[in-house]
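Only one structure is covered here, and it is reproduced in the block below.
Everything numeric in this text was worked out from a predicted model, so none of it was measured.
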Amino acid sequence: MTLVRLGYVAMSTQLQNASPSQTMTFKQFSQLNDKEAAIGKLERIANSNLHNCLRLLKHNVAHDIKFFRFSSKLIPLANHPELKGWDFINPLSEALEEIGHYIKEHPMRVGFHPDHFVVLNTSDKDVLKNTFRTLDMHRTLLKGMDVSPKHRCVLHVGGAYDDKEKALEQFIHNWGLTPRKLQELVILENDDTIFSASDTLYLCEKLGIPLVFDYHHHLANHQKDWQEDWERIKDTWGNSPLPIKMHISSPRSEKEFKAHAEYVDSKMFINFLHEIKGSVKEIDCMIEAKKKDEALFKLVEDLKKEPYIEWINEGSFSI
DNA sequence: ACGCGTCAAGTACTC
DNA sequence: GAGTACTTGACGCGT
């Protein structure tokens, strides 16, 4: 028997005016002459984002969704190189604590997927430095919520830089330069163009990092069937306090295969569940679809037609 | 209210 | 080396 928990990403298509990703671009920031006022505006935006984030968590709990990815755009320009020295955490501590209290009252799995400029295998010192800074920001946010930072940030391996093998070794090299408190945040995901699940496993096993298996990326980029690697993927989670995590999405079309569809193909998901059934006690599936929570709810509707699924609540079931 | 162009800290590709 | 595309949500402008 396998307990499956469903989650979704960052924002809701159902809850109105609840964006956790409002922003100010660097260009806009640069054009403001009064820097103090500009920073004040950034802080107001960040507080509004956190407020909406809490509203999203409440919306989730109302629908039994206990698995959620936070937006990584909660604090605009938080780690922009030009805004070094801005103490963005202090003005946000109350809002973070409020989110933290809510998570304690309603236990749930939360995490981040930092943006594409967080690149751990870069050979550019400045990019690596900013990667560390951004990871540290994510850690600080989690700490501010009193959530254990362990295994909360999904990253891709990074760029290929014309030589995949060398790029993997560069990751290992940079990992040695990564502070331990940042290492423990990281979990790695197979991507849809360069590093397949097998490639990523190489790093995960060598460095003791859990692998977040993205089924859609796997379909777009693989050397062999995922079933051959499934045991190894599971094992990367052996030392994690959290259950194994996966990403689930469907291709938008044959032509735009790598793009996310609005909804998840429930047949595909059901087939996958049948294959892994019983192989793990618990698995958390992150639904990555354009329609966000609406896609999750639609998937649940579809799954409810399957007689062998035992529902625990609207957001989790056993199979 | 809606459509369209702009913006984004990285990487990849083309010329 | 410069320019463009990728991706995706937000924003601002024009209608």
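- Within 4.0 Å (heavy atoms only), A/K258 reaches no atom of the nucleic acid at all.
- Atom CG of A/L74 is separated from atom C1' of C/dG9 by 13 Å (rounded to the nearest Å).
- Surrounding NZ of A/K150 are more than 12 heavy atoms belonging to other residues, nucleotides or ligands, all under 6.0 Å away.
- Nucleic acid contact class of A/A160 (heavy atoms, under 4.0 Å, all strands): sugar-phosphate only.
- Residue A/Q28 is in sugar-phosphate contact alone, with no base atom involved, counting any heavy-atom pair closer than 4.0 Å across all strands shown.
- Stacking here means ring centres nearer than 5.5 Å and ring planes tilted less than 30 degrees, and by that measure A/F117 stacks onto B/dA9.
- Going from atom CG of A/N52 over to atom P of C/dG9 covers 16 Å, rounded to whole Å.
- No engagement by A/L128 is indicated, since no non-hydrogen atom pair under 4.0 Å with the nucleic acid exists.
- Atom-to-atom, NE2 of A/H113 to C1' of B/dG10 comes out at 14 Å; the value is rounded to the nearest Å.
- Taking atom CD1 on A/I75 and atom C1' on C/dA10, their separation rounds to 17 Å, with Å as the unit.
- Within 6.0 Å of atom CD in A/E94, 12 or fewer heavy atoms from other residues, nucleotides or ligands are found, so the atom counts as exposed in its surroundings.
- With no hydrogens or angles considered, a side-chain donor-acceptor pair links A/H59 and A/D293 at under 3.5 Å.
- A/N121 has its CG atom 14 Å from the C1' atom of B/dA12, to the nearest Å.
- Of the N and O atoms on the side chains of A/N174 and A/Q170, at least one donor lies less than 3.5 Å from an acceptor on the other residue.
- In this structure, A/K290 reaches the sugar-phosphate backbone alone: every heavy-atom distance under 4.0 Å involves primed, P, OP1 or OP2 atoms, never a base.
- In this structure C/dC11 sits in a base pair with B/dG5, meeting the Watson-Crick or G-U test at under 3.5 Å.
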